[in-house]
Amino acid sequence: MIPSVSVIMPVYNVEAFVSKAIQSVLAQSYTDFELIIVNDCATDNSLAKCQNFSDSRIRIVTHTANKGLAAARNTGIRHAIGRYVAFIDSDDLWHSDKLMLHVEHLKNSPKVGISFSRSSFIDYHGNPINFFQMPQLTNINPGHLLCRNPVGNGSAPVIRRETLNEIRFQALNHTESYSCYFDENFRQSEDIECWFRILATTQWKMEGIPEPLTYYRLNHGGLSSNLTKQLASWEQMITKARRFAPKILKIHENAARAYQLRYLARQAIRLGDGKMAKNLVNQALITSPTILITETSRTLTTLFAAYLQWLLPSSIYKICETAGQYYIGYRQKMRIKRDGVKPSVLSSNLK
């Protein structure tokens, strides 16, 4: 029988996490799926970890060279046979009801092409930290997506196959037929580039569901220089978008850039680089001061955190950060409960 959902998991050097990621897919209460693991030429024991599973729903496809996340996702889509396509990064986890709730959402909302969920953060070891991504869930237009990317991460969306088919294109650097959905010229920002292309060039809608069904892992380490590369990749995406959505860019580009700079400032804070965080948030406010009005609380929180980290000794800043995260996490959890999410979803089923 043809499965209803094709789950695509790119794998590259994630031997510490991939087994748990696979287990979280296999533990889904909705069982009518296939899991396509795309081994992007991993050099560690990731492939061996995947091969330890004997479930008949798993298929492993191996690249002959490391091609990056966009190419791995494209390979997975080309092999997928399900009506819906779900993505999970191999260091993240899913709640056991994720597929069930997304399939229900898509069946009940025929105009929605991209269904996504809220996400809950977990630490490097997979422990919940009671901190959530809280995006807007409805009335999402291309401008809103460009500024705020409500999907949030690559493990949150479930997409109709026909939605992906509408943005399919042929790669010009291949002599054979080579269908693409994600742009393989991007090593970062490939996901938001794809989502934006869907909203800007098709009639499909994007909607989220209130349950935090994706567990998004905050990995150790990282370099501040990577944030500069991420900004460059985002600017590459904007340059491409001007060709097919010039009117949207004319209206939203400056605000979108400010939101991206603010987001990168928050990442710099997480990396402990207060100076870079301060510079990025200042640049965001110079680029579009209106973000102080449209999202006052988040902008001021980022501004204060950046300057505190830059000015204070790390030990004192850590105390302030812990207190702030506890307060924000508590408010987020209360908001999720007000949205009618069952307590059983909020109490993580991670093991």
Side-chain angles (χ1 to χ4, degrees), residues 116-124 128-137 140 143-153 156 192 208 210 212 214-220 222 224 226-228 230-231 234 252 254-339 341 346:
F116 66 94
S117 70
R118 284 172 171 159
S119 296
S120 177
F121 291 103
I122 57 177
D123 65 18
Y124 179 84
I129 59 177
N130 295 317
F131 206 63
F132 304 89
Q133 288 182 332
M134 300 290 290
Q136 180 174 313
L137 301 177
I140 299 166
H144 180 88
L145 172 71
L146 193 66
C147 291
R148 298 170 180 85
N149 187 17
V151 180
N153 63 81
I192 188 172
T214 299
Y215 299 111
Y216 179 62
R217 191 184 304 270
L218 297 176
N219 284 324
H220 279 329
S224 298
N226 291 337
L227 300 183
T228 302
Q230 192 168 342
L231 179 59
W234 186 89
H252 297 287
N254 275 350
R257 183 171 290 105
Y259 282 116
Q260 179 66 11
L261 289 164
R262 189 190 67 181
Y263 164 76
L264 294 175
R266 295 167 81 91
Q267 297 305 305
I269 291 168
R270 187 170 67 84
L271 294 175
D273 192 337
K275 182 179 180 181
M276 186 174 195
K278 170 186 68 75
N279 292 339
L280 286 167
V281 74
N282 286 345
Q283 192 177 348
L285 290 169
I286 292 170
T287 301
S288 181
T290 58
I291 64 172
L292 264 174
I293 300 172
T294 54
E295 288 193 359
T296 304
S297 177
R298 182 170 293 187
T299 302
L300 288 178
T301 299
T302 306
L303 182 68
F304 291 153
Y307 271 85
L308 286 176
Q309 190 177 69
W310 178 53
L311 293 169
L312 296 178
S314 58
S315 57
I316 297 177
Y317 172 77
K318 191 65 180 177
I319 295 172
C320 298
E321 181 184 57
T322 301
Q325 287 181 342
Y326 177 83
Y327 173 71
I328 293 172
Y330 174 79
R331 290 190 60 187
Q332 289 178 334
K333 184 171 283 192
M334 292 302 100
R335 180 181 163 191
I336 291 173
K337 287 182 177 179
R338 288 196 299 271
D339 289 341
V341 175
L346 284 176

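Remember, it's a predicted structure, so these values are computed and weren't measured experimentally. Atoms considered below: every heavy atom in the structure, side chains included; atoms not considered: hydrogens, waters and symmetry mates.
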> Which heavy-atom pair separates Ala284 from Leu261 by the least distance, and what is that distance?
Replying inline: CB-CB, 3.7 Å

> Looking only at heavy atoms, what is the nearest atom pair of Thr287 and Asn254, with distance?
Replying inline: CG2-O, 3.5 Å

> How many angstroms lie between CD in Gln325 and CD1 in Ile328, if you round to the nearest 0.5 Å?
Replying inline: 7.5 Å

> Does the side chain of Leu303 come within less than 4.5 Å of Leu292's, by heavy atoms?
Replying inline: no

> Given Gln230 and Trp234, is the side-chain contact (heavy atoms from CB on, under 4.5 Å) satisfied, shown in steps?
Replying inline: CA-CA 6 Å; Gln230 192 168 342; Trp234 186 89; 5.9 Å; no

> Would a distance-only check, ignoring hydrogens and angles, find a side-chain to backbone donor-acceptor pair under 3.5 Å from Gln133 to Ser119?
Replying inline: no

>> Could you report the tightest heavy-atom contact between Arg266 and Arg298, atom names first, then the distance?
In response: NH1-CG, 3.3 Å

> Going through the checks in order, is the side-chain contact (heavy atoms from CB on, under 4.5 Å) test met by Ile129 and Leu218?
Replying inline: CA-CA 10 Å; Ile129 59 177; Leu218 297 176; 3.8 Å; yes

> If you take all heavy atoms of His252 and Cys147, which pair is closest and at what distance?
Replying inline: O-SG, 4.2 Å

> How long is the span from the OG atom in Ser117 to the CG atom in Asn153, to the nearest 0.5 Å?
Replying inline: 7.5 Å

> How about Gln260 and Asn149: do any of their side-chain heavy atoms sit closer than 4.5 Å?
Replying inline: no

>> Once rounded to the nearest 0.5 Å, what's the spacing between atom CD of Glu295 and atom CZ of Arg262?
In response: 4.5 Å

>> Let's go through Tyr307 and Asn282 carefully: what are the C-alpha distance in whole Å and the side-chain angles of both, what is the deciding distance for side-chain contact (heavy atoms from CB on, under 4.5 Å) to 0.1 Å, and is it a yes or a no?
In response: CA-CA 10 Å; Tyr307 271 85; Asn282 286 345; 3.0 Å; yes

> Is the closest side-chain heavy-atom distance between Arg148 and Gln136 below 4.5 Å?
Replying inline: no

Name every donor-acceptor pair, under 3.5 Å, that has one atom in a side chain of residues 310-320 and the other anywhere in the protein, sequence neighbours excluded.
residue: Lys318; atom: NZ; partner: Glu321; partner atom: OE1; Å: 3.1

> If only atom types and distance count, is the side chain of Ser120 paired as donor or acceptor with the main-chain N or O of Pro212 below 3.5 Å?
Replying inline: no

>> Nearest 0.5 Å, please: how far is CE in Met276 from CG in Leu264?
In response: 7.5 Å

> Do Pro150 and Leu145 have side-chain heavy atoms sitting under 4.5 Å apart?
Replying inline: yes

>> Quick check: closest heavy atoms across Leu280 and Ala268, and the distance to 0.1 Å?
In response: CD1-CB, 4.3 Å

> Taking only residues at least two apart or on different chains, which pairs with a member in residues 272-281 satisfy side chain to side chain donor-acceptor pair (under 3.5 Å)?
Replying inline: Ser224-Asp273

>> As an exercise, state the distance from CG of Leu300 to CG of Leu285, rounded to the nearest 0.5 Å.
In response: 8.5 Å

> If you measure from CZ on Phe121 to CZ on Arg270, what distance do you get to the nearest 0.5 Å?
Replying inline: 8.5 Å

>> Let's go through Phe116 and Leu137 carefully: what are the C-alpha distance in whole Å and the side-chain angles of both, what is the deciding distance for side-chain contact (heavy atoms from CB on, under 4.5 Å) to 0.1 Å, and is it a yes or a no?
In response: CA-CA 8 Å; Phe116 66 94; Leu137 301 177; 4.1 Å; yes

